[in-house]
Amino acid sequence: DTAVSQTPKYLVTQMGNDKSIKCEQNLGHDTMYWYKQDSKKFLKIMFSYNNKELIINETVPNRFSPKSPDKAHLNLHINSLELGDSAVYFCASSTYRAGELFFGEGSRLTVL
Amino acid sequence: DAKTTQPPSMDCAEGRAANLPCNHSTISGNEYVYWYRQIHSQGPQYIIHGLKNNETNEMASLIITEDRKSSTLILPHATLRDTAVYYCIVRVAEFGNEKLTFGTGTRLTIIP
């Protein structure tokens, strides 16, 4: 059973399009995250949600809109995609304030 | 969060102990040391964490110096599957700051 699963694993799209990445965790955790890893392999947090409430928003453009319908799901919607959005996006989950995060396998987004 | 410094790369022979150093000279009293690794392009994987005492689990041991300004992650019997980028992270758990800040890490290569 996959603990943190993301779909799709690969996504290739044109500039200006809108796309979504879905994340689900079956660990019973109450906190979920989105991290972005760029071409230089730097891994940076974008958002975190605790029990569907936004906790962290790390100066991400408002074209990125996370949505948490329940505490097991955290989806990432991106509007008006730009070349610089090309990256691997990782979803993660944990219990609140714990540093042990469980990451998904990543979703590789390529914007052409 | 305190900054960490790690060597960019290291090699270790298969079957030997891999010792990965990390400097965190500005660490404060309520900050924990966490270690994660990322194998190829998979999601980061939690390894171990500690505050001031040495810690051991099924994956590794963590040795923290008495002044807490540095630590060493030890993989006791390295295998080829331990080839990965290893991240040392210093983190304080406080409301609004439940995030992990990844640095550039150490690329560990296990040599057959």
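Residue numbers start from 1 in every chain, and the chains themselves are labelled A, B, ... in the order their sequence lines are given, proteins ahead of strands.
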Quiz item: Which pair of heavy atoms, one from Phe42(A) and one from Thr104(B), lies closest together, and at what distance?
Solution: CE2-CG2, 3.2 Å

Quiz item: Among the clusters formed by ILVMFWY side chains lying less than 4.5 Å apart, do Val60(A) and Tyr33(A) turn up in the same one?
Solution: no

Exercise. Report whether Tyr32(B) and Ile56(A) are members of the same hydrophobic cluster (ILVMFWY, side-chain heavy atoms less than 4.5 Å apart, transitive linking).
Key: yes

Quiz item: Heavy-atom count around Arg16(B) CZ within 6.0 Å, excluding the residue itself: above 12?
Solution: no

Quiz item: Quick one: do Val4(A) and Tyr89(A) end up in the same hydrophobic cluster if we chain Ile, Leu, Val, Met, Phe, Trp and Tyr together by side-chain heavy atoms under 4.5 Å apart?
Solution: no

Exercise. Could you tell me the separation between the CD atom of Gln37(A) and the CD atom of Gln38(B), rounded to the nearest 0.5 Å?
Key: 4.0 Å

Exercise. First locate atom CD of Gln45(B), then atom CG of Leu101(A), and finally report the distance between them rounded to the nearest 0.5 Å.
Key: 13.0 Å

Exercise. Check the hydrophobic clustering (I, L, V, M, F, W, Y; side-chain heavy atoms under 4.5 Å; chains of links allowed) and say if Phe64(A) and Tyr49(A) are grouped together.
Key: yes

Quiz item: Side chains of Pro44(B) and Leu43(A): does their closest heavy-atom pair fall under 4.5 Å?
Solution: yes

Self-check item: Donor-acceptor contact present, side-chain Tyr35(A) to main-chain Leu100(B), <3.5 Å
Solution: yes

Quiz item: So how far is it from Tyr46(B) OH to Phe102(A) CZ, rounded to the nearest 0.5 Å?
Solution: 9.0 Å

Quiz item: At what distance, to the nearest 0.5 angstrom, does OG1 of Thr101(B) lie from NZ of Lys44(A)?
Solution: 10.5 Å

Quiz prompt | In one Ile/Leu/Val/Met/Phe/Trp/Tyr side-chain cluster, 4.5 Å: Ile21(A), Leu83(A) | solution = yes

Quiz item: Non-hydrogen atoms of chain B under 4.5 Å away: do they reach the side chain of Gln6(A), the backbone, both or neither?
Solution: neither

Quiz prompt | Heavy-atom pairs under 4.5 Å with chain B, option from Lys41(A), Glu105(A), Glu58(A), Glu100(A) with the top count | solution = Glu100(A)

